[in-house]
Amino acid sequence: QKEVEQDPGPLSVPEGAIVSLNCTYSNSAFQYFMWYRQYSRKGPELLMYTYSSGNKEDGRFTAQVDKSSKYISLFIRDSQPSDSATYLCAMSVSSGTYKYIFGTGTRLKVLA
Amino acid sequence: SAVISQKPSRDICQRGTSLTIQCQVDSQVTMMFWYRQQPGQSLTLIATANQGSEATYESGFVIDKFPISRPNLTFSTLTVSNMSPEDSSIYLCSVEDRGPYTDTQYFGPGTRLTVL
């Protein structure tokens with residue numbers, strides 16, 4: 001079993017839809033959770049990060065961490081064609097280690 | 001957040017040759033990281049580069065194949081040596097941002113390498 005599992009998609013939604021992207025993980029020691037957006041032929045861009053459990057909101061984006069279920073989500077409200085990209089989740093055990101474990105990424109396409 | 005640039009952005013190389021990728025950061029950072037991203041796969045850490053010390057390589061990666069330099073706190077290079085088509089990939093450098101409740105990494109734009 002991989003440490004981090006992420007549905008590769010592709011996921012196609014109409015413009016304006018609410019998008020839910022998810023990752024599951026097996027290591028209960030993960031404390032830091034990140035979402036990256038990667039456009040084609042570009043490096044990953046940090047979108048959201050969360051420490052421990054709970055929700056974090058930034059504009060149209062909400063990151064949610066459920067440590068009891070070992071499950072993290074990224075919600076995108078009012079999705080736009082410009083949101084079309086690959087979304088990678090990442091997590092690390094704690095500050096003091098540089099080991100980040102990345103999901104394989106979910107490819108999202110928002111149709112105009 | 002740090003601004004990271006990489007050179008070259010892409011290259012097509014012949015089997016058996018070597019390519020050196022440069023990574024420049026706009027601020028001083030302690031640790032820099034080199035990743036490989038193969039098509040359809042997640043990011044794989046190649047090595048961690050601290051200024052003034054030897055790079056630390058992950059399992060499956062060796063210094064002879066991927067020599068790394070870290071001459072100062074804003075710059076690093078990764079060389080892909082004696083290339084084969086299996087080395088075709090995107091190579092990314094990154095830096096960390098660490099604080100009491102922060103532990104994230106910022107990535108450069110990547111170098112897309114094709115080996116013929």
Side-chain angles (χ1 to χ4, degrees), chain A residues 1-10 21 23-25 27 29-54 56 58 63 65 72 74 85-107, chain B residues 1-11 21 23-25 29-50 53 55-59 78 89-114:
Chain A
Q1 182 191 9
K2 288 183 181 177
E3 273 194 287
V4 177
E5 299 271 6
Q6 186 175 8
D7 188 332
L21 304 166
C23 287
T24 58
Y25 62 94
N27 187 348
F30 286 137
Q31 295 275 11
Y32 295 86
F33 304 90
M34 290 142 277
W35 286 96
Y36 288 85
R37 178 175 61 195
Q38 186 173 22
Y39 291 114
S40 180
R41 303 177 186 277
K42 301 284 187 185
E45 168 196 11
L46 180 65
L47 205 54
M48 301 279 285
Y49 72 89
T50 310
Y51 170 69
S52 195
S53 280
K56 187 172 183 179
D58 184 0
V65 175
I72 69 170
L74 177 71
T86 296
Y87 291 80
L88 299 139
C89 64
M91 41 202 84
S92 69
V93 172
S94 67
S95 193
T97 174
Y98 52 82
K99 296 283 188 178
Y100 294 78
I101 307 298
F102 288 85
T104 52
T106 299
R107 200 151 47 94
Chain B
S1 63
V3 177
I4 304 168
S5 60
Q6 284 183 236
K7 287 182 184 179
S9 59
R10 61 191 309 157
D11 208 341
I21 302 168
C23 180
Q24 180 77 51
V25 189
V29 294
T30 303
M31 297 174 80
M32 295 177 74
F33 308 91
W34 286 99
Y35 286 85
R36 183 171 72 183
Q37 186 179 30
Q38 293 182 310
Q41 297 188 23
S42 67
L43 279 71
T44 302
L45 181 64
I46 297 171
T48 302
N50 272 349
S53 63
T56 302
Y57 289 83
E58 296 300 302
S59 175
L78 170 77
S89 186
I90 298 173
Y91 291 87
L92 296 149
C93 69
S94 75
V95 302
E96 65 173 359
D97 178 10
R98 181 168 290 182
Y101 300 103
T102 305
D103 192 6
T104 61
Q105 289 195 356
Y106 296 95
F107 287 86
T111 296
R112 182 177 293 266
L113 171 62
T114 302

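Convention: sequence-line order gives letters A, B, ...; per-chain numbering from 1.
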Name the region of A:Arg107, side chain, backbone, both or neither, that has any atom closer than 4.5 Å to a heavy atom of chain B. neither

As an exercise: rank A:Val4, A:Ile101, A:Leu46 by heavy-atom pairs under 4.5 Å with chain B and give me the winner. A:Leu46

Spatial distance of atom CD (B:Gln105) from atom CZ (A:Phe102) [nearest 0.5 Å]: 5.5 Å

For the student: nearest non-hydrogen atoms of B:Ser42 and A:Gly103, plus distance: CB-O, 3.1 Å

Between A:Gln38 and chain B, with a heavy-atom cut-off of 4.5 Å, which part of the residue counts as in contact: side chain, backbone, both or neither? side chain

Test item: B:Tyr106 side-chain N/O and A:Pro44 main-chain N/O as donor-acceptor pair under 3.5 Å: no

Interatomic spacing from CG in B:Leu92 to NZ in A:Lys42 - rounded to 0.5 Å: 12.5 Å

For the OH atom of A:Tyr100 and the CZ atom of B:Phe33, what is their distance to the nearest 0.5 Å? 6.0 Å

Part of A:Tyr39 within contact of chain B (heavy atom distance under 4.5 Å): neither

Among B:Gln41, B:Arg10, B:Gln37, who wins on heavy-atom pairs under 4.5 Å with chain A? B:Gln37

